[in-house]
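Single-structure report; data block below.
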Number of protein chains: 2
Amino acid sequence: MNPRLRIGELAIQCGVALETIRYYEKVGLLPEPMREANGYRVYGQGHVEQLAFIRHCRALDMSLADIHALRQFATQPSGDCGEIDQLIETHLARVHERLTSLQNLERQLLTLRATCASGRCVQECGILHELVAAAQGDGCVCHTDDTPGNN
Amino acid sequence: MNPRLRIGELAIQCGVALETIRYYEKVGLLPEPMREANGYRVYGQGHVEQLAFIRHCRALDMSLADIHALRQFATQPSGDCGEIDQLIETHLARVHERLTSLQNLERQLLTLRATCASGRCVQECGILHELVAAAQGDGCVCHTDDTPGNN
DNA sequence: TAAAAACCCCGTAGCCACTTCAGGGTCAAG
DNA sequence: CTTGACCCTGAAGTGGCTACGGGGTTTTTA
């Protein structure tokens, strides 16, 4: 019942590129597997589970460092759960921040797109004009009394 | 009226790290400025505008390649505006996709956080259990008849 | 006037999480 | 006995910077 997988099989089973598996091993996230006589890696159930855990955390967009930390916590079963909470809390805050900034971003891009009535030439492209104009309002005090394009 | 800025002044005026300015020059996004006798870079109004344009596009999370493409379009004023639309459209689609995936992510993390009643020890941490269990449902068929941790 | 602080130069390496590449070895099928 | 599928290693590339090391120059201050 205990599967003895080669790297390619593990890769397919867990939906991971096999280079990624070797990479996780190299950075110490996945324990080194045993080897066949020819040097090929052999994986067992433990590896399957660990890799799935890593991929699930990555799907939650946690960094490899976070995942490493979670593994460390897990090896000290009597430790305080609070650090795990904290890690999730911090991560959640990061995600939330990126989320709101992406929402702003989308709004801006939608506005930008709306300035274009296509079929015209670049010279009168609303988008390009808008981008240039917006840049000028962005922070630089720009008196355009200079031919643009070169110092 | 035409400013002749040194790199540090340009950096402050446009709110960009000066290494970033040199980087943009290196990758061909900002034209090479003239030099003082001592080799110091001197920037003019054109550079101020271009840098502001770049930063504004970056704030919209466009890649440097996209920005480069926009610049190319801008140098062919009689070309078709449609390619610009297309670029924005594609970018918007990318942003929207990331946005929805981040929303899912946040929902999952909120659920995850809710599984924890803190103050307990790691062994019974709801979050960790949830992460492991979720990973098992994720794609790998896992009969846990093996001691986890090693092959 | 000299020393200290602030600015500039260049090239290289580091960050993250991979991916790709070059150059090989191993093994079963046809 | 060769083809093709699989595996190995180490190094380099990706994007968009950031940091560092080791210098030179300019400006300010004591």
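Predicted, not measured: the structure shown is a model, and the values here were computed from it. Lettering follows sequence order; numbering is per chain, from 1.
- In this structure, A:L10 atom CG and D:dC6 atom C1' are separated by 15 Å, rounded to whole Å.
- In 5' to 3' order, the nucleotides of DNA chain C bounding all contacts with chain A (an atom under 4.0 Å from a heavy atom) are C:dA17 to C:dC27.
- Looking at B:R71, its side chain does come within 3.5 Å of a backbone N or O of B:L29 through a donor-acceptor pair.
- The two atoms that bring A:A59 and B:L105 nearest to each other are O-CD1, 3.8 Å, heavy atoms only.
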Just list the side-chain donor-acceptor pairs under 3.5 Å for residues 16-26 of chain B, sequence neighbours left out, or say none.
from  : atom 1 : to    : atom 2 : distance (Å)
B:Y24 : OH     : B:R55 : NH1    : 2.7
B:E25 : OE1    : B:R41 : NE     : 2.8

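- Between A:E25 atom CD and D:dC8 atom P the separation is 9 Å, expressed in whole Å.
- Counting heavy atoms from C-beta outward, A:Q103 and B:Q103 have side chains that approach closer than 4.5 Å.
- Under the salt bridge (charged side-chain N to carboxylate O under 4.0 Å, His left out) criterion, A:E36 pairs with A:R6, not counting sequence neighbours.
- Relative to the side chain of B:Y40, the nucleotides D:dC7, D:dT25, D:dT9 differ in distance, and D:dT25 lies closest.
- Salt bridge A:D61/A:R98: present, at least one basic N to carboxylate O contact under 4.0 Å.
- Between atom CG of residue B:D85 and atom CG of residue A:L112 there is a gap of 9.5 Å, rounded to the nearest 0.5 Å.
- Position along DNA chain C of the nearest nucleotide to A:A37 versus B:G8 favours B:G8 as the more 5'-ward residue.
- Remark: A:S63 pairs with A:A65, A:D66 by the side chain to side chain contact (heavy atoms under 4.5 Å, CB included) rule, at least two apart or across chains.
- A donor-acceptor pair under 3.5 Å is absent between the side-chain atoms of A:H96 and the main chain of B:E106, judged by distance alone.
- Taking the side chain as every heavy atom from C-beta outward, B:M62 and B:L70 approach each other to under 4.5 Å.
- Atoms CD (A:E32) and P (D:dC8) sit 12 Å apart, rounded to a whole Å.
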Next item on the list: Treat primed atoms plus P, OP1 and OP2 as sugar-phosphate and everything else as base, then score nucleotides 14-22 of chain D 5' to 3': B for base contact with protein heavy atoms under 4.0 Å, S for sugar-phosphate contact only, - for none.
Entry: --BBS----

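- Of the residues in residues 86-96 of chain A, not one places a heavy atom less than 4.0 Å from an atom of DNA chain C.
- Hydrophobic clustering of Ile, Leu, Val, Met, Phe, Trp and Tyr side chains at less than 4.5 Å, counting indirect connections, unites A:L60 with B:L110.
- Atom-to-atom, CD of A:E36 to P of D:dC8 comes out at 9 Å; the value is rounded to the nearest Å.
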